[in-house]
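Since the structure comes first, as structure tokens, the remarks are kept for the end.
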Amino acid sequence: MGLNQALAAKLDEIAKMMEVLGEDSFRSGANARAARNIEALAFDIGDIAGDKKKLLELEGIGPKIADKIMEFAATGKMKEHGELREKVPAGLLQMMTIPGLGPKSVKAIWETLKVTDMAGLKKAIDDGSILTVPRMGAKAVEKIKLSIGLAEQGQQRLWIGVAMPIADRVIEHLKSKLGKKIKKIDFAGSLRRGKESIGDIDVLVATNEAAATSEAFRTMPGVVAILVGGDTKSSVRIATGVDLARWDSEGQDQEKVGPSIQIDLKIVPEDSWGAALMYFTGSKEHNVKLRQKALDMGLTLNEYGLFPDDKEATPPHQRGVKAVASKTEEEIYKKLKTTWVQPEIREARGEFELKETPRLIEVEDIKAELHAHTTASDGSLSIEELAAKAKERGFHTIAVTDHSQSSVIANGLKPERLLKHIEAIRKAQEKFIDKSGKPTITLLAGSEVDILNDGTLDYKDDLLKQLDVVVASPHNALSQDPQSATKRLIKAIKHPMVHILGHPTGRLINRRAGLDPDMGKLIAAAVESRTALEINAHWMRLDLRDVHVRAAVNAGCLIAIDCDVHQGEDYDNLRYGVMTGRRGWLGPELCVNTWTAKKLLEWLKSKR
DNA sequence: GCCGTTTTCGGCCCGACTGTTTTCAGTCG
């Protein structure tokens with residue numbers, strides 16, 4: 001674990017322990033905010049941990065927290081954390097992760113029953129003693145029990161590539177059930193912001209038929225539990241493993257299998273669509289800043305619209321107060337004298353300083369796939385099938401980059417096989433020529449070459465030279481220390497034959513942390529040698545991750561967005577790679593996959 | 001504990017839903 005993460009974890013625990021102790025929520029909030037900001041930094045905070053002035057320049061870091069950072073960087077310890085730990089048993093923090101159990105309830109259980117961990121909590125539920133805790137009744141206990149059960153099934157945030165198709169299908173289901181009764185429908189939340197993992201799915205509906213919509217939602221096939229069932233808000237858990245393709249066929253048994261994910265449905269009047277979409281898209285931090293802006297202007301913002309702030313206790317929309325703006329996001333941002341920005345960058349990380357909406361990369365900008373495998377190594381498509389699929393997508397270029405010899409499990413190619421493969425790719429090109437003799441799509445002969453532990457490549461230079469494109473990727477020794485990893489990857493980046501650093505850290509989301517190199521140094525090396533860093537679009541990788549893309553973009557580093565195609569459907573993952581790029585404020589210029597065939601080829605040849 | 005084109009002190013986002021309550025506290029997003 002790098003220093004940033006370790007520091008963020010400590011500060012976050014301080015915040016949580018303060019919450020349990022019932023201390024000032026603004027103080028705990030400040031620690032939590034600092035933790036979040038530090039975790040999102042793209043550079044090693046250790047580089048400036050000796051310089052208090054620089055620390056104070058960071059958002060959300062004041063004198064007190066700066067001192068804690070300096071202390072931790074220098075000694076590996078944080079006195080305040082230790083002192084709080086003396087007072088607050090660690091098990092209480094774990095209890096707080098249970099949905100429905102907040103700091104107040106945990107404190108009450110702790111003080112009343114002396115329960116300090118999950119085992120004690122379960123025991124108190126089983127023997128009924130939990131009912132003696134103030135404000136703890138049978139229904140509340142039942143909910144806690146359900147939540148613990150889900151937690152033990154290994155509930156975690158879901159990959160965006162799993163959540164997105166479910167959201168798409170829920171929306172299709174509601175549309176098919178309700179037809180014209182639905183005026184507008186979309187998903188919001190972290191899914192709309194394109195985050196790499198999704199805690200729950202938010203679906204927003206504008207309709208006058210709230211009751212029928214709620215009913216259709218709560219009775220969807222695959223629903224395993226109804227958590228909330230109000231007039232305008234419902235929450236259910238839905239099985240992810242259900243065969244959603246069969247939803248519309250009547251009379252079939254719907255298996256309720258796989259892990260479940262929570263879906264929230266929010267029903268709003270059509271006039272409030274823009275306000276509601278903003279509100280439920282978040283992020284929370286972005287919304288807080290927007291509301292502060294509203295207050296500064298004598299206005300108040302909620303999910304129903306932007307209203308004059310008359311300081312009345314009852315919400316304005318319930319008193320028939322007319323909104324200043326509410327129908328579209330754009331008009332609300334405009335009234336707040338703020339630039340409308342895309343959902344992916346609404347993280348309160350500098351977007352409010354933008355004078356105009358940035359041009360972020362879009363799926364339609366991508367014209368080339370530069371990382372793809374065939375049956376020669378571990379793919380399921382032939383060279384021709386791969387190229388045909390790329391052509392269908394309107395791409396002008398497809399690079400065939402099968403694995404190199406060290407990737408034995410992936411059937412990597414020995415030099416002699418690679419030479420034959422290059423020939424086969426040249427030959428396949430002949431099938432993609434139009435009547436005037438021009439290629440209908442350009443096939444590039446390449447390789448995804450292993451970066452060995454010490455940073456050397458898996459083929460000799462004279463062989464690499466024969467390839468049109470070289471993607472160098474780390475596949476093993478993915479737990480080596482940060483210093484070695486940095487050295488190893490920089491060596492590959494600087495290699496004169498390498499075009500792209502493939503999935504730079506080798507992480508798998510929710511599965512494996514991967515390498516933890518000094519990203520700032522990698523980016524600097526990549527800028528200098530005009531090597532592109534890859535955003536691997538597979539939803540289990542999304543590597544580079546968003547905050548590193550942001551740092552790379554700031555430095556003017558080239559970026560490649562590639563699907564790492566192994567089978568035909570993998571091209572569909574492009575949307576996740578693009579969203580990750582957008583989260584890093586990536587425009588089309590720096591992304592090599594958006595370039596014209598001519599410009600792309602010139603860049604590739606410049607390394608030959 | 002941070003922050004400031006109205007403040008260096010006094011603020012700090014807003015509403016729905018639920019459950020346990022006789023008017024509201026806790027949690028969530």
Side-chain angles (χ1 to χ4, degrees), chain A residues 11 14-15 18-19 22-37 55-69 80 96-109 131 133-144 147 188-191 193 198-204 210 214 226-235 262-268 272 275-276 278-307 309 311-318 337 348:
Chain A
L11 290 172
I14 287 180
M18 289 169 82
E19 280 185 4
E23 290 181 18
D24 181 18
S25 63
F26 296 110
R27 282 180 59 221
S28 62
N31 278 282
R33 193 167 64 240
R36 181 182 171 275
N37 289 345
L55 288 173
L56 290 173
E57 284 169 16
L58 299 177
E59 182 86 16
I61 310 289
K64 290 265 177 45
I65 291 180
D67 283 342
K68 287 187 235 177
I69 295 170
E80 185 183 356
M96 266 213 294
T97 63
I98 297 167
L101 262 193
K104 301 275 174 58
S105 305
V106 167
K107 183 167 189 253
I109 293 169
L131 292 167
V133 176
R135 304 193 59 83
M136 202 49 83
K139 283 196 169 178
V141 173
E142 207 43 50
K143 283 206 161 176
I144 293 169
S147 296
S190 51
L191 199 54
R193 299 204 313 282
I198 306 298
D200 51 40
I201 298 171
D202 297 294
V203 176
L204 195 61
S214 298
I226 297 173
L227 307 174
V228 174
D231 295 337
T232 63
K233 196 188 153 191
S234 296
S235 292
Q262 181 169 334
I263 310 187
D264 299 334
L265 177 78
K266 179 74 190 166
I267 296 169
V268 298
S272 302
M278 274 171 70
Y279 183 87
F280 289 103
T281 296
S283 66
K284 194 177 164 190
E285 290 76 13
H286 181 88
N287 284 354
V288 167
K289 290 224 170 180
L290 279 178
R291 292 211 197 83
Q292 277 165 351
K293 274 180 186 291
L295 287 178
D296 290 346
M297 297 171 71
L299 300 167
T300 179
L301 179 64
N302 61 28
E303 62 259 54
Y304 296 94
L306 184 63
F307 298 90
D309 186 13
K311 309 282 182 199
E312 291 276 335
T314 313
H317 64 279
Q318 290 179 9
K337 301 198 191 311

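Below, chains carry the letters A, B, ... as their sequence lines are ordered, and counting in each starts from 1.
Gly29(A) comes within contact range of no nucleotide atom at all, as no heavy-atom separation falls under 4.0 Å. Residue-level contact check: Glu19(A) touches neither bases nor backbone, having no heavy atom under 4.0 Å from any strand. Counting non-hydrogen atoms under 4.0 angstrom, Lys266(A) reaches the backbone sugars and phosphates but no base. Counting any heavy atom pair closer than 4.0 Å across all strands shown, His286(A) reaches no nucleic acid atom. Note on Lys68(A): only backbone sugar-phosphate atoms sit closer than 4.0 angstrom, heavy atoms only; bases stay farther off. Nucleic acid contact for Ile65(A): sugar-phosphate only, since backbone atoms but no base atoms lie under 4.0 Å from a heavy atom of the residue. Heavy atoms of Asn287(A) sit nowhere under 4.0 angstrom from any nucleic acid atom. Residue contacts shown for Thr300(A) are limited to sugar-phosphate atoms, with no base heavy atom under 4.0 Å away.
Checked against side-chain contact (heavy atoms from CB on, under 4.5 Å), Glu285(A) has the following partners two or more places apart in sequence or in another chain: Arg36(A), Ser283(A), Ala348(A). By the salt bridge (charged side-chain N to carboxylate O under 4.0 Å, His left out) test, Lys68(A) pairs with Glu80(A), sequence neighbours left out. Every residue was checked against the salt bridge (charged side-chain N to carboxylate O under 4.0 Å, His left out) condition with Asp296(A), not counting sequence neighbours, and none meets it. Applying the salt bridge (charged side-chain N to carboxylate O under 4.0 Å, His left out) criterion to Lys107(A), with sequence neighbours excluded, gives Glu111(A). For the salt bridge (charged side-chain N to carboxylate O under 4.0 Å, His left out) test, residues two or more places apart in sequence or in another chain that qualify with Asp309(A) are Lys311(A). Remark: Tyr304(A) engages His317(A) in a ring-ring contact (aromatic ring centres under 6.0 Å, His included) (not counting sequence neighbours). For Ala294(A), the side-chain contact (heavy atoms from CB on, under 4.5 Å) test picks out Leu299(A), Leu301(A), Leu306(A), Leu336(A), with sequence neighbours left out.
Put simply, Ser28(A) has no side-chain N or O that comes within less than 4.0 Å of OP1 or OP2 on dG1(B). Between Gln292(A) and dG11(B), a side-chain N or O to OP1/OP2 separation shorter than 4.0 Å is absent.
Atom CD1 in Ile61(A) sits about 10 Å away from atom C1' in dC2(B), given to the nearest Å. Taking atom CG on Asp24(A) and atom P on dC2(B), their separation rounds to 12 Å, with Å as the unit. Look at CG on Leu58(A): it is 13 Å from C1' on dC2(B), rounded to the nearest Å. To the nearest angstrom, C1' of dG4(B) lies 16 Å from CG of Leu56(A). Distance, Lys64(A) NZ to dG1(B) P: 5 Å, rounded to whole Å.
Distance from the side chain of Thr232(A) is smallest to dC17(B) among dC14(B), dC17(B), dC2(B). Comparing dA16(B), dT18(B), dC2(B) by their nearest atom to the side chain of Val228(A) picks out dT18(B).
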Taking only N/O atoms, report every protein-nucleotides 5-7 of chain B pair under 3.5 Å with atom names and distance.
none

Per-nucleotide protein contact string for nucleotides 19-29 of chain B, where B marks a base within reach and S marks sugar-phosphate only (heavy atoms under 4.0 Å, - for neither): BS----BSSSB
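Residue side chain Phe26(A) fails the stacking definition with respect to dC2(B), as its ring centre and the base's six-membered ring centre are not both under 5.5 angstrom apart and under 30 degrees in plane angle.
Annotation for Ala15(A) and Ala32(A): closest pair CB-N, 3.7 Å, computed over non-hydrogen atoms.
Counting heavy atoms from C-beta outward, Asn37(A) and Ile61(A) have side chains that stay 4.5 Å or more apart.
Between Lys289(A) and Glu59(A), at least one side-chain N (NZ, or NE/NH1/NH2) sits under 4.0 Å from a carboxylate O, which counts as a salt bridge.
For the C1' atoms, the distance linking dC12(B) with dT18(B) amounts to 27 Å, nearest Å.
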